[in-house]
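A quick write-up on the structure given underneath.
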4 protein chains.
Amino acid sequence: MKMAKRPPGRPAKSGRREEILRAAAQAFSVGGIAGTTMGAIARQAGTAEGTLYLHFDSKDALVEAVIAGLYDDVFPDIMKLANADSPASARLLSMAERHLRIYADDPPFARLLLQHMRAIPDYRSSNLHARNQRYAAVFLGVLKQGVASGEMRADLVPRVARDALLGALDYRMWLASVTGRPISPEGDARALMDLLLGGLVAGASAAGRPGSARARASSGSEAPGETRPRRSRGGPA
Amino acid sequence: MKMAKRPPGRPAKSGRREEILRAAAQAFSVGGIAGTTMGAIARQAGTAEGTLYLHFDSKDALVEAVIAGLYDDVFPDIMKLANADSPASARLLSMAERHLRIYADDPPFARLLLQHMRAIPDYRSSNLHARNQRYAAVFLGVLKQGVASGEMRADLVPRVARDALLGALDYRMWLASVTGRPISPEGDARALMDLLLGGLVAGASAAGRPGSARARASSGSEAPGETRPRRSRGGPA
Amino acid sequence: MKMAKRPPGRPAKSGRREEILRAAAQAFSVGGIAGTTMGAIARQAGTAEGTLYLHFDSKDALVEAVIAGLYDDVFPDIMKLANADSPASARLLSMAERHLRIYADDPPFARLLLQHMRAIPDYRSSNLHARNQRYAAVFLGVLKQGVASGEMRADLVPRVARDALLGALDYRMWLASVTGRPISPEGDARALMDLLLGGLVAGASAAGRPGSARARASSGSEAPGETRPRRSRGGPA
Amino acid sequence: MKMAKRPPGRPAKSGRREEILRAAAQAFSVGGIAGTTMGAIARQAGTAEGTLYLHFDSKDALVEAVIAGLYDDVFPDIMKLANADSPASARLLSMAERHLRIYADDPPFARLLLQHMRAIPDYRSSNLHARNQRYAAVFLGVLKQGVASGEMRADLVPRVARDALLGALDYRMWLASVTGRPISPEGDARALMDLLLGGLVAGASAAGRPGSARARASSGSEAPGETRPRRSRGGPA
DNA sequence: CATGAATGAGTCTTCATTCAT
DNA sequence: TATGAATGAAGACTCATTCAT
């Protein structure tokens with residue numbers, strides 16, 4: 001509620017604050033959140049325990065800040081990819097890839113995220129929920145565009161698709177963190193998108209197949225205009 | 001004084017244990033595992049704290065028992081559905097339904113499961129991991145059968161499909177637990193399976209449509225779905 | 001205070017009671033008093049926990065009874081030896097021997113005794129204190145007789161001698177229990193009595209030497225009358 | 001609020017630790033070790049319970065520190081007395097005196113020592129055992145010197161003598177702590193040494209008499225002791 | 001801004017004792 | 001008498017948080 005006030009205009013990098021954030025992320029990813037004491041974080045950061053409270057109001061605030069930091073790293077990337085000038089399917093592929101890279105880049109940290117997300121007592125009111133929704137909304141937007149443009153099935157329920165995609169992505173990362181089996185952002189994202197785009201049923205998704213999500217997704221670089229058909233959903237209609 | 005006198009003839013047996021299990025699940029799901037004290041569980045169960053330790057060696061053991069109980073409830077059902085005499089897709093649908101019913105039947109309990117699964121320090125060596133793998137293997141088996149029988153795409157990677165399915169299912173439940181939005185096992189399972197079977201891409205999954213969710217699956221190919229190829233902007237277009 | 005009432009006239013061997021006593025002694029000597037739970041004792045005795053309380057009012061009472069039992073075993077022996085028809089020194093030797101046999105006979109049990117004796121919060125008011133005093137008094141008596149008969153130094157302070165003897169005996173046993181070095185009741189008693197009778201100083205106690213406490217004390221089996229010269233301290237004098 | 005404000009310049013250091021040590025010794029000696037809770041110690045020390053753990057890892061560690069502190073106080077003294085330039089018997093006397101002063105100086109503290117010594121589960125591996133052995137070794141050394149120099153009986157078994165001495169000393173203190181009868185370090189040490197040096201047997205220890213406790217000991221061998229061969233009933237008789 | 005000793009509420013767990021059967 | 005499930009009062013220890021310097 002009351003976050004350590006950072007001078008409104010300031011670049012948000014008191015140096016110390018960043019150090020602590022880094023140290024906390026590091027410590028959390030090693031021992032889990034509950035298993036990490038403020039003392040351990042302070043030691044890791046090379047400061048005194050009291051100093052932690054000069055920058056964060058509580059351990060919870062620190063945890064939130066650490067995780068929020070991740071979103072702030074990833075969100076801009078996802079945003080950019082979502083607005084790229086390519087078919088929805090291609091954009092989703094790249095977004096999935098970026099998402100999986102969260103894990104590939106820093107497995108321990110990702111594990112932390114995976115665990116914490118579901119452990120927050122009142123997640124709904126946490127500001128993490130907000131960030132997460134914002135994040136998920138981007139995926140939803142792309143899916144809607146895909147439908148609107150006719151690229152995707154008209155009877156597709158975007159929300160269902162979004163949940164399936166994000167759920168599968170999360171699950172894949174969790175599996176990786178649990179089994180130790182490494183993730184290949186490109187490979188895994190492509191495999192998943194192939195599945196999702198084309199479906200399970202044989203003979204189906206003939207259309208989805210020609211190159212499928214494969215390669216840089218459906219064919220390649222048609223007219224940018226074609227990309228976001230906005231509405232053109234008509235088709236034969 | 002505390003408990004209603006137990007009918008003289010009653011075995012005085014498992015009753016307690018079940019009561020505690022129930023109370024614990026209830027308490028955990030409200031306040032989270034870490035946020036629930038043994039005292040609270042005892043109070044909820046109407047027993048003394050010490051009694052808890054008569055039935056479970058430790059808090060951790062209690063937690064495990066609570067969760068293991070769930071698997072033991074669900075597993076036989078899933079097993080039966082997996083061996084039913086129907087197309088793989090139909091079986092998967094029913095399995096997904098059953099899975100979602102975990103949540104529908106007892107949301108707090110399900111939330112507990114969702115939370116805990118990712119919170120175990122050394123999940124890999126926990127006996128929960130084993131149960132979970134056994135569970136996931138059943139889904140994998142059905143998918144492989146689907147491929148073998150030609151019902152599903154020959155180039156399908158069963159493991160990817162299984163992860164997508166379970167991940168989507170989990171995510172759906174988690175969203176429900178977080179947003180409070182209720183789950184309709186049938187509706188949601190069908191929506192998800194429609195998506196997964198037919199894929200995202202327009203024109204694809206012609207076969208996947210017949211009657212939606214192809215409840216009876218691969219029933220045929222009247223292909224009303226094919227009707228709306230969308231804009232077919234993909235392929236050669 | 002309120003000991004389980006044993007029918008006043010009864011032989012004191014309800015069978016069950018003895019079993020419990022035995023089981024408790026056994027358990028205590030293995031795990032120490034504090035480290036032994038009533039549950040463990042019950043198991044060892046083959047009864048239910050509640051049954052323990054039918055025979056003893058509390059754990060403390062049980063402990064006391066166990067230890068008192070030892071005194072009741074040893075006391076008669078000591079008493080008899082103290083009243084034997086032989087010189088005080090010979091009698092002390094045999095008493096010391098018997099005392100050390102407490103350890104030799106059952107080391108774990110003796111260790112228990114050694115430990116417990118000093119651990120009782122209000123030893124003074126415990127009935128163990130009384131027994132112990134009665135026990136020590138026997139040694140004191142023999143020493144006094146030794147002085148009175150002229151066998152021992154007239155300026156000997158019996159109480160000091162008694163404390164030295166019992167202290168040395170206790171210490172020897174404790175050392176044995178701590179180092180594991182076994183005790184030889186005869187050998188060790190003799191060594192100690194040799195020391196005590198003759199003293200440390202060279203040239204001193206020449207008289208104490210000729211066979212000293214050695215063998216069955218002073219030479220052998222002279223006329224019983226000779227045994228307790230009472231005073232005859234003259235000699236060449 | 002709780003503590004008198006500490007003078008600004010004070011090291012704020014070891015003070016606390018010592019206070020705790022003192023409080024713990026005090027509390028232990030009143031209620032016994034097991035009977036004293038960390039809370040009680042904290043209260044006694046005027047600190048919070050948590051503070052105890054800032055200075056000691058556990059209750060056991062605190063107990064050990066308390067007792068080790070005693071040894072560290074006494075050992076140097078004993079060492080110095082053992083190396084004094086006087087007959088072995090005189091040195092033993094002063095050492096015995098110092099030893100008894102442990103009790104005289106702080107009865108409750110001494111009682112604690114007496115009790116605890118025998119209560120440690122695995123005393124042998126405790127570092128108290130090491131200290132105790134070092135301590136006992138000093139006595140042994142002096143005795144050996146006594147024998148070597150001819151001051152003491154050539155057939156003396158030093159180890160037996162040492163055990164008798166320390167055992168008697170311990171016992172004396174224990175009796176004092178149990179009966180409340182005060183100890184006079186000088187008087188009691190002398191009485192005990194008189195006994196030990198001269199032996200029990202009449203006529204013996206003539207040498208042991210000269211000034212009692214043969215303060216200066218081995219003053220000579222006027223051997224009045226030899227004078228009272230008692231009944232010399234031994235030998236060829 | 002920094003420090004770190006001090007705080008003390010809160011946790012899990014144990015176990016002697018009771019009592020309904 | 002016997003049983004053993006239930007009790008609940010303690011106790012040792014942890015750790016986020018504060019505050020005097």
Side-chain angles (χ1 to χ4, degrees), chain A residues 14 16-17 34-43 46-62, chain B residues 1-3 5-10 12-13 15-17 34-42 45-60 62, chain C residues 4 14 16 34-43 46-62, chain D residues 1-3 5-6 8-10 12-13 15-17 34-42 45-62:
Chain A
S14 112
R16 200 52 142 196
R17 192 189 147 91
T36 300
T37 68
M38 291 301 268
I41 297 172
R43 219 172 306 126
T47 70
E49 263 173 276
T51 305
L52 262 33
Y53 288 84
L54 252 27
H55 296 277
F56 301 91
D57 285 321
S58 69
K59 189 187 185 183
D60 280 349
L62 176 50
Chain B
M1 187 204 263
K2 245 197 164 115
M3 292 217 21
K5 215 174 308 260
R6 196 160 10 86
R10 241 276 241 60
K13 219 47 224 259
R16 233 358 173 229
R17 195 189 146 91
T36 300
T37 70
M38 290 302 267
I41 296 172
T47 71
E49 224 164 317
T51 304
L52 264 33
Y53 288 86
L54 242 37
H55 296 276
F56 302 93
D57 285 336
S58 66
K59 189 183 183 183
D60 278 352
L62 175 52
Chain C
S14 113
R16 198 54 141 198
T36 300
T37 67
M38 292 300 267
I41 296 172
R43 219 172 306 127
T47 70
E49 265 172 274
T51 305
L52 262 32
Y53 288 85
L54 250 29
H55 297 276
F56 302 92
D57 283 322
S58 68
K59 187 186 185 183
D60 280 349
L62 176 51
Chain D
M1 188 205 265
K2 238 192 172 117
M3 292 215 24
K5 215 174 305 261
R6 193 159 16 82
R10 242 279 241 52
K13 221 45 225 263
R16 224 16 163 217
R17 196 190 146 90
T36 300
T37 70
M38 290 302 267
I41 297 172
T47 70
E49 222 165 316
T51 305
L52 264 33
Y53 289 87
L54 243 35
H55 297 275
F56 302 93
D57 285 337
S58 65
K59 189 184 184 184
D60 279 351
L62 176 51

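Proteins get letters first, then strands, A, B, ... in listed order; numbering begins at 1 in each. Just so we're clear, the structure is a prediction, and the values are computed from it rather than from any experiment.
Regarding contacts with the backbone of E:dT7, a side-chain N or O of D:Arg16 is found under 4.0 angstrom from either OP1 or OP2. Contact annotation: B:His55 reaches the phosphate of F:dA6 (side-chain N/O to OP1 or OP2, under 4.0 Å).
Atom CD1 of A:Ile41 is separated from atom P of F:dC15 by 12 Å (rounded to the nearest Å). In this structure, the CZ atom of D:Arg17 is 15 Å from the C1' atom of E:dA5, given to the nearest Å. Distance CZ (C:Phe56) to P (F:dT1): 13 Å, rounded to an integer number of Å.
Atom CZ in D:Phe56 sits 9.5 Å away from atom CD1 in D:Ile41 (nearest 0.5 Å).
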Report task. Encode nucleotides 13-19 of chain E as B, S and - characters from 5' to 3', where the letter depends on protein heavy atoms closer than 4.0 Å: B to the base, S only to sugar-phosphate, - to neither. Result -> BBSSBB-
Query raised in the report: Which dot-bracket string describes DNA chain E (Watson-Crick N1-N3 plus N6-O4 or O6-N4, or G-U N1-O2 and O6-N3, all under 3.5 Å; [ ] crossing; | other strand)?
Result: .||||||||||||||||||||
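Across C:Arg16 and C:His55, no two heavy atoms sit closer than the pair CG-NE2, 3.4 Å. Here the shortest heavy-atom pairing between D:Ala34 and D:Lys59 reads O-NZ, 4.0 Å.
The side-chain contact (heavy atoms from CB on, under 4.5 Å) search around D:Thr37 returns D:Ala40, not counting sequence neighbours.
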Query raised in the report: side-chain contact (heavy atoms from CB on, under 4.5 Å) between B:Leu62 and B:Met38: does it pass, once the steps are laid out?
Result: CA-CA 10 Å; B:Leu62 175 52; B:Met38 290 302 267; 4.3 Å; yes
